[in-house]
J.: 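First the structure, which I've put down as structure tokens, then a few questions once you've had a look.
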Amino acid sequence: MITLKSPREIELMRQSGAVIAGMHHMLRDLIKPGLDTWEIEEQSRAYIEGHGAVPLQIGFEGFKYATTVSVNNEVAHGFPRKGLKLKDGDLVKVDTVVGLNGAVSDSAWTYAVGNISPELEQLMAVTKKSLYLGIDQAIIGNRIGDIGHAIDQYVTDEHHYGNVRQYIGHGVGPTMHEEPQVPHYGEAGHGLRLKEGMTITIEPMVNIGGWEVDTDQTPEDGWTVRTADGSVSAQYEHTIAITKDGPKILTSQDADFDAKYL
């Protein structure tokens with residue numbers, strides 16, 4: 001079932017999203033070469049709980065952490081790990097879901113660790129722009145396929161990167177994962193029609209190599225998703241509200257950059 005949110009509910013989700021945005025601002029200063037990834041988990045959880053919010057990933061289908069911390073060829077769902085230290089030139093993706101006063105928001109971001117190669121700088125730039133191309137299609141009357149088509153055309157056709165297909169965006173609120181499903185590929189003009197009050201995530205995962213991924217099946221993991229060919233991956237994710245005034249980003253980290261979406 002798809003729930004349509006009232007303006008009041010969307011504003012509450014924006015307040016929840018502001019907690020995630022603040023957490024990501026904190027991580028910009030924290031993430032550097034030599035940092036133990038467990039510090040990302042500890043500092044992020046402390047930030048979320050210190051702002052009166054709840055890290056909703058903890059306990060979700062047995063997941064134990066407030067954040068996922070995925071490094072280099074890890075696409076998503078990586079564990080924050082004691083003893084895993086970030087190196088100069090790494091890419092690290094941090095994802096979390098927050099609840100505040102019953103409102104849920106979800107956002108992931110990619111961070112460069114120290115000095116990264118021009119190849120990885122371009123990967124980050126393309127992935128972030130693809131997110132915003134998808135957001136631009138999130139308007140009343142468009143269809144889910146319009147979002148995925150815009151992303152895939154830019155990522156795959158223009159830049160020849162691997163656009164991950166196995167993991168996709170989704171509705172959000174009142175729980176973490178709701179309908180509709182929001183693929184980052186698709187056919188323009190096809191799929192569910194977007195309506196005022198829908199709240200969704202758009203979260204492209206882009207690989208330098210192929211789009212195929214593998215999920216760790218070992219008993220001690222069972223979560224971490226990696227590129228099948230070992231190539232590096234990037235991801236950016238926002239929670240979006242579909243409104244009569246266009247798509248609104250509820251997890252914005254930059255009021256100037258996102259001015260048209262606020």
J.: I'd like to know if the side chain of E41 reaches the main chain of W38, judged simply by a donor and an acceptor atom lying under 3.5 Å from each other, with no hydrogens or angles considered.
T.: no
J.: Looking only at non-hydrogen atoms, find the nearest pair between T127 and P204 and report the distance.
T.: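 Where T127 meets P204 most closely, the heavy atoms are CG2-O, 3.8 Å.
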J.: Just by distance, no angles: are the side chains of D216 and T218 close enough, under 3.5 Å, to form a donor-acceptor pair?
T.: yes
J.: Please step through side-chain contact (heavy atoms from CB on, under 4.5 Å) for the pair M23 and T96, ending with a clear verdict.
T.: CA-CA 10 Å; M23 182 202 83; T96 196; 3.7 Å; yes
J.: Which heavy atom in V232 sits nearest to a heavy atom in L123, and how many Å separate them?
T.: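 In terms of heavy atoms, the two residues are closest at O-CD2, 3.8 Å.
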J.: Testing the 3.5 Å rule here: is there a donor-acceptor pair between the side chains of H238 and Y261?
T.: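 No, Y261 and H238 have no side-chain donor paired with an acceptor closer than 3.5 Å.
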J.: I'd like to know if R45 pairs up with E49 as an ion pair, taking the criterion as any Lys NZ or Arg NE/NH1/NH2 lying under 4.0 Å from an Asp or Glu carboxylate oxygen.
T.: yes
J.: For R28 and Q253, does a side-chain donor sit closer than 3.5 Å to a side-chain acceptor?
T.: yes
J.: Donor-acceptor check, side chain of S231 to backbone of G209, threshold 3.5 angstrom: yes or no?
T.: yes
J.: So, does T199 use its side chain to make a donor-acceptor pair with the main chain of I240 at under 3.5 Å?
T.: no
J.: Below 4.5 Å, heavy atoms only, C-beta onward: do F79 and F63 meet side chain to side chain?
T.: yes
J.: With distance as the sole test, does R143 use its side chain to make a donor-acceptor pair with the main-chain N or O of G191 at under 3.5 Å?
T.: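 Here the side-chain-to-backbone pair exists.
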J.: With a distance cut-off below 6.0 Å to the six-membered ring centre and an angular limit of 45° from the axis, does K129 pair with F257 as a cation-pi contact?
T.: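 The answer is no; the distance or angle limit is not met.
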J.: Is the gap between the ring centers of Y132 and Y236 under 6.0 Å?
T.: no
J.: For side-chain hydrogen bond (donor to acceptor under 3.5 Å, both in side chains), just list the numbers for S107 and E237, CA-CA rounded to whole Å, side-chain angles, deciding distance to a tenth of an Å, and then say yes or no.
T.: CA-CA 5 Å; S107 183; E237 173 189 18; 5.6 Å; no
J.: Is any side-chain heavy atom of E187 closer than 4.5 Å to a side-chain heavy atom of H149?
T.: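 E187 vs H149: side chains apart.
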J.: Can any side-chain N or O of D106 pair as donor or acceptor with the backbone N or O of V97 at less than 3.5 Å?
T.: no
J.: Between D90 and K87, is there a side-chain N and carboxylate O pair less than 4.0 Å apart?
T.: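 Salt bridge: yes.
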J.: Nearest heavy-atom pair of L100 and G52: which atoms, and what distance?
T.: CD1-O, 3.4 Å
J.: Looking only at heavy atoms, which two atoms of P174 and T3 are closest? And how far apart?
T.: CD-OG1, 3.8 Å
J.: Rounded at 0.5 Å granularity, tell me how far OG1 in T243 sits from CE in M198.
T.: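 Rounded to the nearest 0.5 Å, the OG1-CE separation comes out at 13.5 Å.
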J.: Can the ring centroids of Y167 and H184 be said to lie less than 6.0 angstrom from one another?
T.: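 No, too far apart.
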J.: Can a donor-acceptor pair be found, under 3.5 Å and without considering hydrogens, that links the side chain of K128 to the backbone of T110?
T.: no
J.: With side chains defined as the heavy atoms from C-beta onward, is the minimum distance between I151 and N163 less than 4.5 Å?
T.: yes
J.: Has the side chain of E9 got a donor or acceptor atom that lies under 3.5 Å from a matching backbone atom of S6?
T.: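 A pair under 3.5 Å: yes.
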J.: Once salt bridge (charged side-chain N to carboxylate O under 4.0 Å, His left out) is applied, do any residues pair with K32, and if so which ones, sequence neighbours excluded?
T.: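 By the salt bridge (charged side-chain N to carboxylate O under 4.0 Å, His left out) rule, K32 matches no residue at all.
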J.: How long is the gap from NZ on K195 to CG on N142, to the nearest 0.5 Å?
T.: 14.5 Å
J.: Charged N to carboxylate O below 4.0 Å: is that the case for R14 and E11?
T.: yes
J.: Just wondering, do V71 and L91 contact through their side chains at under 4.5 Å, heavy atoms?
T.: no
J.: Got a donor-acceptor contact below 3.5 angstrom from the T37 side chain to the P80 backbone?
T.: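 Answer holds: no.
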J.: Are E74 and T224 linked by a side-chain donor-acceptor pair shorter than 3.5 Å?
T.: no
J.: Under a 3.5 Å threshold, yes or no: a donor from one side chain and an acceptor from the other, between E203 and T201?
T.: yes
J.: Is there a donor-acceptor pair under 3.5 Å between the side chain of H159 and the backbone N or O of V155?
T.: no
J.: On a heavy-atom basis, which atom in S252 and which in L262 lie closest, and how many Å separate them?
T.: CB-CD2, 3.7 Å
J.: Specify whether W223 and F60 have parallel, tilted or perpendicular ring planes, treating 30° as the upper limit for parallel and 60° as the lower limit for perpendicular.
T.: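 W223 vs F60 ring planes: tilted.
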